[in-house]
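These numbers come from the heavy atoms of this one structure, side chains and all, not from hydrogens, waters or symmetry mates.
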Amino acid sequence: MKKIYNLIFIVVLALAASCQKPQYVEPTADRQGITSLTAYFTSGKYVDQAIAKLDVTDETMDYYVIEIPWFFPEESEDPTTIYMSSLRIRAELAPNCKIEPALTILDLNLENKFQFTDNKGETRDIIITGKRTKSRKNNLMSFALTEPYRIDGFINDDTNEIYLFTTDDLTGFSAEATACAHATVETTLSVKKDYNNDQEVTVVAQDGKTKRTYTIQKRYPNKIPYGFRSESARQLFNFEPVSRLGFPEYTVTVYPSLAYVGGNLVVCLGNGDTPVYLDGLTGVKAGEINIGSVASAAVTNDEGGNVIFTNHAEPQETLEIYKTKSVTEAPVLFHSFVNETDVPVGYNVKVHGNIDTDAVIILTHEGIAGVTETSKYTRVVVSGGAVVSTETIDLAGLGLSWGAAPTNAAKVIPVSAKAEDGVMLCYYSYNTIVYVNGNGAIAATLPVLDEGISSNYNTNVMEAKTYNNASYAIHMVSSHFPMWGCGPHIRVFDISTPGSIKDGMTVLENTAIEWYQTAAQGCAAADVIMAPSTDGFKVYIYYFDHNAGVIGGYVADCIDI
């Protein structure tokens, strides 16, 4: 079994607190005093969400200034002035320390006076206040040469370099760049330059002082031979989608699915609403998909730049598969077939490969709530860009069956672009990753309950893609009970030899993704996708846990630097 890659870094959950969080906690270091101060909204659509946190490193401090961002959300134009006078403050303290009077709702425009007592009983007066602060972030989100034709640059924030991977003559090119929220690109890029030689571009943060200069270099693209560099992984965004994007509340039943196309993250709720697309780097809502006449129930993406749409088909109705390479061009029909089973299909679709060449499309049928489970999926095999077979497969003989979408139905995934390589699946409450080989036999299993996942999670979401010669599977577990401290997890596996799962294919360390819905149990529906960038140097992973109230994304690369 090849090395398992860990894409996702652990995200600390300190900001995802609710009123049940303890006032007194063990610090992360051997020290005394106030460890941190966190400010929370007390009104408006972001109520109970954290707006800012002050990490305290000097235990002798007596004047604490919590820096409140100028805008919230950071990428918005919504000033935070109206919130300054009414923010709930919570402290993280070393054992046996206390603040008097107790922290409650404060006006951070004022200097609020308290008495702090350490664990030796010694007291001192402290002041807690705040100030609105303009962002000091100054990184580029994208860079590209645009004229006479487009060449996307690869941004390395660690070295402040931008690589143009090409052997072309770059004489006389103009460029464009996108900075992070509220930062500005200081350098004029519309003037044509010779990018065969090093050039520079400078970004100025919102505060007008903090600057960063990138060196633009022409390079020949060199990739590592296999997969992505786990150390290159970074989070693009992670936020609450109801207040930020206007998505339905967690109690509303939706059938979420995701896709990536042309730099955009497509989100389909499967409830009749037109799918929307977000900027794939920032998560900012950019608009609605040109859906044409498609009654879209689900979306996904292949490895060739296509986003795929399916409708929902009851028994004896026609299931239609559409494709497009753009959020602005209406999808065109790729394939259709009559659902000749006794259960619906269309809410769950996954693809491995490129439907313009060779691919396997899997549509998982769902059971009928309160009536029947199912064990069926339909496999569509594509060769040379054309469908060569459509077959419904029943796993009942293997003792596998699942319930209705979205919370219990499996998402069966093809492990490669070849039908003979088989499929993987996992679902609640079977809670075992199963590899079914091309002969229709269970060839490997991995019980996820043995890896720290309890029955408080929904284990039915999977995805598989090939990237830079490596075959990956992603297993996402979403939360049935986020109010009990159960948040979403994601694990990435190397499945180049999927049968070796039975010989010790281990799950990576649980990822603690920050989540934002902690009120009650809702609809435990989720999706996760993987997609390569157009140039093939980057790979993206996006996730959406409807019940836990979080949508986010990561990026990694395969550049040999």
Give the intermediate values and the outcome of ring-ring contact (aromatic ring centres under 6.0 Å, His included) for residues H489 and Y457. CA-CA 9 Å; H489 299 162; Y457 294 93; 5.0 Å; yes
Verdict with reasoning, N301 to N306, per side-chain hydrogen bond (donor to acceptor under 3.5 Å, both in side chains): CA-CA 6 Å; N301 56 267; N306 292 289; over 6 Å; no
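For the pair K538 and F154, the cation-pi test (distance below 6.0 Å, angle within 45°) is passed. The side-chain tip of K218 does not point at the ring of Y195 from less than 6.0 angstrom away and within 45° of straight on. Taking the ring centre of Y163 as origin, the terminal cationic atom of R219 falls inside the region bounded by 6.0 Å and 45° from the ring axis.
Using cut-offs of 30° and 60° for the angle between ring planes, the F71 and H182 rings count as parallel. Ring-plane geometry between F239 and F237 is classed as tilted, the angle between the planes lying from 30 to 60 degrees on a 0 to 90 degree scale. Classified by interplanar angle (parallel below 30°, tilted 30° to 60°, perpendicular above 60°), the ring pair F41/Y83 is perpendicular. Between F228 and Y467, the angle of the ring planes lies from 30° to 60°, which puts this pair in the tilted group.
Residues T42 and R88 have side chains that never bring a donor and an acceptor to within less than 3.5 angstrom of each other. Side-chain N/O atoms of S326 and T324 include no donor and acceptor closer than 3.5 Å. Neither side chain, Y46 nor E240, offers a donor N or O lying under 3.5 Å from an acceptor on the other. Checked by atom type, the side-chain pair N196/D169 shows a donor-acceptor distance below 3.5 Å. If you check the side chains of Y516 and S243, you find no donor sitting under 3.5 Å from an acceptor. A donor and an acceptor atom, one from each side chain of S190 and S174, are nowhere located under 3.5 Å apart. Looking at Y543 and N238, their side chains do bring a donor and an acceptor atom within 3.5 Å of each other. A donor atom on one side chain and an acceptor atom on the other are not found under 3.5 Å apart for N264 and D279.
A salt bridge links R136 with E67: the closest approach of a Lys/Arg side-chain nitrogen to an acidic carboxylate oxygen falls below 4.0 angstrom. The existence of a salt bridge linking E75 and R244 is confirmed by a sub-4.0 Å separation between a basic side-chain nitrogen and an acidic carboxylate oxygen. Ion pairing between a basic and an acidic side chain is recognised when a charged N comes within 4.0 Å of a carboxylate O; R234 and D557 show no such pairing. Using a cut-off of 4.0 Å between Lys/Arg side-chain N and Asp/Glu carboxylate O, R212 and D157 are scored as salt-bridged. Looking at K323 and D302, no side-chain N of the basic residue comes within less than 4.0 Å of a carboxylate O on the acidic one, giving no salt bridge. Salt-bridge formation is detected for the pair E463/K350: a Lys NZ or Arg NE/NH1/NH2 atom is positioned less than 4.0 Å from an Asp or Glu carboxylate oxygen. Salt-bridge annotation for E176 and R150: present, with a side-chain N of the basic residue lying under 4.0 Å from a carboxylate O of the acidic one.
Judged by distance alone, with hydrogens and angles left aside, the side-chain atoms of T187 form no donor-acceptor pair with the main-chain N or O of L189 at under 3.5 Å. Between the side chain of D207 and the main chain of K134, no donor-acceptor pair closer than 3.5 Å is present. A donor-acceptor distance shorter than 3.5 angstrom exists from the side chain of N290 to the backbone of T328, with no hydrogens or angles considered. For T35 (side chain) and L93 (main-chain N/O), no donor-acceptor pair under 3.5 Å exists by modelled atom type. For E111 (side chain) and T129 (main-chain N/O), no donor-acceptor pair under 3.5 Å exists by modelled atom type. No side-chain donor-acceptor contact under 3.5 Å links T459 to the backbone of V477.
Between S478 and A526, the shortest heavy-atom contact is CB-CB, 3.6 Å.
Ring to ring, Y554 and Y542 are not that close: their centroids are 6.0 angstrom or more apart. Outside the 6.0 Å centre-distance limit, the rings of F493 and H475 are not counted as a close aromatic pair. Ring to ring, F537 and F165 are close: their centroids are under 6.0 angstrom apart.
Within a 6.0 Å sphere centred on NZ of K131, other residues, nucleotides and ligands contribute 12 heavy atoms or fewer.
A distance of 11.5 Å separates CG in N547 from CH2 in W515, rounded to the nearest 0.5 Å.
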